[in-house]
Chemist: 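Take this structure first; my questions come after.
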Amino acid sequence: LSMVGSIINKHKKLNQDIYILSKDFTRDIYKALPLNFISYRDQHKTNPIKRFAMAMQLNQIGFDVVYVLDFICNENLFSLVHSDKKIGFRHRSDHRHDELLTDVSPLAEYVGDAIDHFCEKNSLGGKEMDNRPFFNFADAATTQANQQIVLAIGASNRARMMRKSNMQQI
């Protein structure tokens, strides 16, 4: 979550300009922050019609920057989203995935190291595993007009996620 906050602070965005694309079980976390939430379900992977409809919905919003914060990234919905800048992690084995990104960060064995490398490469400040100073929007008044960003957050393993109540307190 602190990486999300750092991205928002870097781009000086207001909450209404941020869209989180993730699984339904994370909805309450992002709504509590409050951020725009777009539900991504398994049917968006398997059903071409649903997948295309999702891509159309995202493209109607329009994004200047797309951050793909999924370590596994075993599908390519973000390839259907129109944006001049797509930033994400290197794929472990299928480097064709990397060609879909404009900026690729190395993927380390330890998640914390991968996040640190990502933050360093993309000029995101702070210790990214530390969620205490989460979301300080004091500079949001300087937001650039008509720019929006999307964050696609991989949260496929519920057992490894922080509890909703802890995230909401942050």
Side-chain angles (χ1 to χ4, degrees), residues 1-105 107 114-115 118-119 121-124 134-135 137 140 142-158 160-161 164 167-168:
L1 280 177
S2 58
M3 186 164 44
V4 173
S6 293
I7 291 169
I8 291 169
N9 287 331
K10 175 183 177 179
H11 293 279
K12 302 202 182 310
K13 296 295 172 187
L14 299 172
N15 286 22
Q16 70 263 17
D17 296 327
I18 306 300
Y19 291 81
I20 301 292
L21 175 69
S22 190
K23 300 274 185 157
D24 279 335
F25 63 88
T26 64
R27 176 186 306 270
D28 294 341
I29 297 162
Y30 297 111
K31 287 289 187 183
L33 291 176
L35 298 170
N36 296 305
F37 182 85
I38 300 172
S39 177
Y40 182 72
R41 299 187 173 115
D42 289 337
Q43 62 188 335
H44 294 116
K45 291 182 184 179
T46 58
N47 183 323
I49 295 170
K50 300 272 186 188
R51 183 181 192 72
F52 184 71
M54 171 65 72
M56 296 259 311
Q57 176 187 0
L58 294 171
N59 286 324
Q60 282 180 337
I61 296 168
F63 300 106
D64 299 301
V65 182
V66 175
Y67 285 88
V68 183
L69 305 178
D70 187 350
F71 293 113
I72 298 172
C73 212
N74 57 3
E75 58 87 30
N76 63 353
L77 175 66
F78 70 92
S79 69
L80 302 175
V81 176
H82 304 298
S83 176
D84 290 335
K85 192 165 190 175
K86 296 178 185 176
I87 302 168
F89 293 101
R90 180 172 308 286
H91 196 277
R92 276 205 197 283
S93 58
D94 187 0
H95 297 293
R96 291 176 297 169
H97 152 64
D98 300 345
E99 296 170 7
L100 301 173
L101 300 169
T102 55
D103 192 356
V104 181
S105 291
L107 185 58
I115 291 172
F118 180 87
C119 292
K121 180 175 174 116
N122 292 288
S123 303
L124 303 172
F134 190 63
F135 279 2
F137 290 113
T142 61
T143 191
Q144 296 176 1
N146 300 324
Q147 276 195 338
Q148 296 178 327
I149 60 174
V150 65
L151 302 160
I153 300 177
S156 57
N157 189 339
R158 292 183 193 200
R160 295 172 65 187
M161 284 185 62
K164 292 178 188 177
M167 290 185 181
Q168 288 174 339

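Predicted model, so just to flag it, every value in this text is computed and none were measured.
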Chemist: Looking at Val66 and Ser83, what are the two nearest heavy atoms and their distance?
Modeler: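 Here Val66 and Ser83 meet closest at CG2-CB, 3.7 Å.
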Chemist: Any Lys/Arg nitrogen of Asp28 or Lys31 sitting under 4.0 Å from an Asp/Glu carboxylate oxygen of the other?
Modeler: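 No salt bridge links Asp28 with Lys31.
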Chemist: Looking at OG of Ser22 and CG of Leu35, how far apart are the two atoms once the value is rounded to the nearest 0.5 Å?
Modeler: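 Taking OG in Ser22 and CG in Leu35, the distance rounds to 11.5 Å.
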Chemist: How many angstroms lie between NE2 in His11 and CG in Asp17, if you round to the nearest 0.5 Å?
Modeler: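 Between atom NE2 of His11 and atom CG of Asp17 there are 11.5 Å.
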Chemist: In this structure, are over 12 heavy atoms from other groups packed under 6.0 Å from Lys85 atom NZ?
Modeler: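 Counting neighbours around NZ of Lys85, 12 or fewer heavy atoms of other residues, nucleotides or ligands fall under 6.0 Å, so no.
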Chemist: Between the main-chain N or O of Arg41 and the side-chain N or O of Lys50, is there a donor-acceptor pair closer than 3.5 Å?
Modeler: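 No: the side chain of Lys50 does not pair with the backbone of Arg41.
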Chemist: Give a yes or no on whether the backbone of Leu80 and the side-chain of Asn59 come within a donor-acceptor separation of less than 3.5 Å.
Modeler: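 Yes, Asn59 side chain to Leu80 backbone: donor-acceptor pair under 3.5 Å.
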Chemist: I'd like to know whether Asp84 forms a side-chain contact (heavy atoms from CB on, under 4.5 Å) with Thr102, so could you lay out the CA-CA distance, the side-chain angles of the two residues, the decisive distance to 0.1 Å, and finally the verdict.
Modeler: CA-CA 8 Å; Asp84 290 335; Thr102 55; over 6 Å; no
Chemist: How far apart are the closest heavy atoms of Ser39 and Arg27, and which atoms are they?
Modeler: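 Scanning both residues completely, I find the closest heavy atoms to be CB-NH2, 3.5 Å.
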Chemist: Which heavy atom in Asn122 sits nearest to a heavy atom in Ser105, and how many Å separate them?
Modeler: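 Answer, listing the atom of Asn122 first, then Ser105: ND2-OG, 3.6 Å.
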Chemist: Rounded to the nearest 0.5 Å, what separation is found between the CD1 atom of Ile49 and the CZ atom of Arg51?
Modeler: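 Here the rounded value is 13.5 Å.
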Chemist: Between Ile18 and Tyr30, is any pair of side-chain heavy atoms under 4.5 Å apart?
Modeler: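 Contact flag for Ile18/Tyr30 side chains = no.
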Chemist: Just verifying a value: how many Å separate Asn36 CG and Ile61 CD1, rounded to the nearest 0.5 Å?
Modeler: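 Atom-to-atom, Asn36:CG and Ile61:CD1 are 7.5 Å apart.
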Chemist: Is the closest side-chain heavy-atom distance between Phe37 and Asp24 below 4.5 Å?
Modeler: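 A side-chain contact exists here, since the closest heavy-atom pair is under 4.5 Å.
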Chemist: Between the side chain of Asn47 and the main-chain N/O of Gln43, is any donor-acceptor distance below 3.5 Å?
Modeler: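 Looks like no, no N/O pair under 3.5 Å.
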Chemist: Taking the side chain from Lys86 and the backbone from Val81, do they hold a donor-acceptor pair closer than 3.5 Å?
Modeler: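 Side chain of Lys86 to backbone of Val81, a donor-acceptor pair under 3.5 Å: yes, one is there.
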Chemist: Any chance you could measure Ile20, atom CD1, to Leu69, atom CG, to the nearest 0.5 Å?
Modeler: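 Output value for this atom pair is 8.0 Å.
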Chemist: Which atom names give the shortest non-hydrogen contact between Ser79 and Leu100, and what distance separates them?
Modeler: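 The answer is CB-CD1, 3.8 Å.
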Chemist: Shortest non-hydrogen contact from Lys45 to Tyr40?
Modeler: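 Closest heavy-atom pair between Lys45 and Tyr40: CG-OH, 3.1 Å.
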Chemist: If you round to the nearest 0.5 Å, how far is CG of Leu77 from CG of Leu21?
Modeler: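 Separation between the atoms: 6.0 Å.
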Chemist: Any idea how Phe118 and Phe89 line up, ring-wise: parallel (<30°), tilted (30 to 60°), or perpendicular (>60°)?
Modeler: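 Tilted: the ring planes of Phe118 and Phe89 meet at 30° to 60°.
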Chemist: With sequence neighbours excluded, tell me which residues meet side-chain contact (heavy atoms from CB on, under 4.5 Å) with Asp98.
Modeler: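 Asp98 satisfies side-chain contact (heavy atoms from CB on, under 4.5 Å) with Arg90, His91, His95, Val104 once adjacent residues are dropped.
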Chemist: Is any side-chain heavy atom of Ile38 closer than 4.5 Å to one of Met54?
Modeler: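 Contact flag for Met54/Ile38 side chains = yes.
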